[in-house]
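Notes to accompany the following structure.
A quick note: this is a predicted structure, and the numbers were derived from the prediction, not measured. Just so it is clear: chains get the letters A, B, ... in the order the sequence lines come, proteins before strands, and each one is counted from 1. Note: hydrogens, waters and symmetry copies are ignored here, and every other heavy atom, side chains too, is used.
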Amino acid sequence: MLLSKDTIISVISKVLKVSKKKININSGSENIESWDSLAQLSILSELDKKTKGKVLKIQEISTAYSVKKIIKVLKKKKLFK
Amino acid sequence: MNNLTIRNLSHVMGSKKISCSSFMKKNPHWNMAEVKKKTGINYIYESNENEDVLELSYKSSSKTLKKFNKKKIDSIVVVTQTAKNKLPSVSCVLQEKLKLNKNVFTLDINLGCSGFIYALATLHSFFSSNITRNTLLICSDTYTKFLENNDRTCRTIFSDSASSCIVSAHSSNISPVFNFFTDGSGANDLIEKNNYIKMNGSGVFLFTTKTIPNLINNLLKKNNLKIKDIDHFIFHQASKLVLDKLKLELKIPSNKFHINYDKIGNTTSASIPIVLEELIKNKMLKKNNNLMLVGFGVGLSAACCILKWK
């Protein structure tokens with residue numbers, strides 16, 4: 001399954017327990033305090049489930065601590081629609 | 001040919017036992033039920049202000065040496081990255097503190113979670129070339145001294161401890177076999193900067209889940225063995241998330257896959273020998289059992305070893 005911006009934002013919202021309305025393309029660990037390393041692992045694990053194990057095979061996504069960066073990596077790996 | 005025996009295993013934990021649930025008192029926004037689902041860790045142990053790597057190593061070694069003739073120790077090897085002093089090495093100071101022979105070989109190995117296996121490989125090589133015969137091996141770290149109180153990722157995982165044992169040479173037609181992997185490009189994923197240890201958990205997780213299955217399968221293949229030929233798997237006790245994933249991926253039966261992270265947290269290089277000590281205590285190891293020891297983490301570094309138990 002390819003991931004959309006909406007799906008990514010929904011996952012982030014669910015993991016971080018932050019309203020979807022408050023998350024946009026510029027959201028990331030710099031402006032959401034609860035987005036720490038453990039939260040990042042949870043976000044990636046959820047995205048991984050949706051792509052049937054493809055996300056957690058991408059080493060560079062581990063440092064993608066923003067919506068923009070996650071989309072950039074997924075686009076590169078052709079996992080974004 | 002030389003094999004090695006590991007005996008007189010002991011360990012000590014930092015003296016402050018902390019329930020992970022209690023972290024919510026200082027950090028009310030931490031949802032510890034959610035955190036524990038990932039880490040699986042219920043308790044961690046912190047060293048107090050009087051305990052450092054040297055002190056914990058001394059306490060553990062004293063227990064190890066109670067039933068071993070000190071005069072036979074010809075080498076001291078310490079695996080640590082968090083000694084109070086950068087110099088001198090912990091192994092040198094321990095020689096005096098434990099009143100061991102002065103004509104000992106001493107070495108500190110600067111590695112974390114893969115360190116126990118690197119130490120065994122080093123000792124195996126020493127034994128093969130008759131440099132040493134009986135080594136006091138210690139693995140110790142005090143990560144909690146280098147953690148920020150608001151670091152949810154590290155504070156809820158790492159424990160301070162020291163594990164010690166005697167590793168001796170013995171003649172055998174079977175040698176332990178090793179496999180190693182290093183990827184320095186992930187150095188920033190677990191690093192000490194300005195006296196604080198920081199971990200990018202997802203980076204270490206991705207490295208581990210990608211690297212370890214290949215590392216193990218390659219070692220098994222090279223030695224004409226399969227997962228079913230291994231009697232006990234003793235992995236570095238990183239966290240539930242990591243170990244569950246590896247166990248599933250490698251299809252390791254639960255009765256062969258040993259864990260204790262839930263009770264004592266992640267003790268870095270000491271975690272493998274502490275599990276080993278528990279298996280011995282519970283009489284779970286039998287002569288000629290094949291043990292697979294697997295370490296991974298800071299570096300990023302990984303190592304595994306198949307050892308025939310004696």
Test: B/Glu46 and B/Arg155 ion pair at under 4.0 Å: yes
For A/Ile43, which atoms come within 4.5 Å of any heavy atom of chain B: side chain, backbone, both, or neither? neither
The interface call for B/Asp189 against chain A, heavy-atom contacts under 4.5 Å, is side chain
Hydrogens and angles aside, do B/Asp52 and B/Thr142 bring a side-chain donor and acceptor to less than 3.5 Å of each other? no
Among the options B/Arg152, B/Lys38, B/Glu34, B/His29, pick out the one with the most heavy-atom pairs lying under 4.5 Å from chain A. B/Arg152
In terms of ring plane angle, is the pair B/His236 and B/Phe296 parallel, tilted or perpendicular, where the classes change at 30° and 60°? perpendicular
So which part of A/Ser34 gets closer than 4.5 Å to some heavy atom of chain B, the side chain, the backbone, both or neither? backbone
Is the gap between the ring centers of B/Tyr118 and B/Phe178 under 6.0 Å? no
Determine, for A/Lys76 against A/Glu60, whether the closest basic-nitrogen to carboxylate-oxygen distance falls under 4.0 angstrom. yes
Heavy-atom side-chain proximity of B/Thr156 to B/Ile44 below 4.5 angstrom: no
Would you say the side-chain atoms of A/Ser10 and A/Ser13 include a donor-acceptor pair closer than 3.5 Å? no
Any residues in residues 194-202 of chain B near chain A, with a heavy-atom distance under 4.5 Å, and which are they? B/Met199, B/Asn200, B/Gly201, B/Ser202
Between B/Asn110 and B/Gln81, is any side-chain donor less than 3.5 angstrom from a side-chain acceptor? yes
Checking side-chain polar atoms at under 3.5 Å, does B/Lys145 have a donor or acceptor matched by the opposite partner on B/Ser47? yes
Using a cut-off of under 4.5 Å on heavy-atom pairs, state which of A/Leu44, A/Ile61, A/Leu56 scores highest against chain B. A/Leu56
Can you tell which part of B/Ile157 gets under 4.5 Å to a heavy atom of chain A, answering side chain, backbone, both or neither? neither
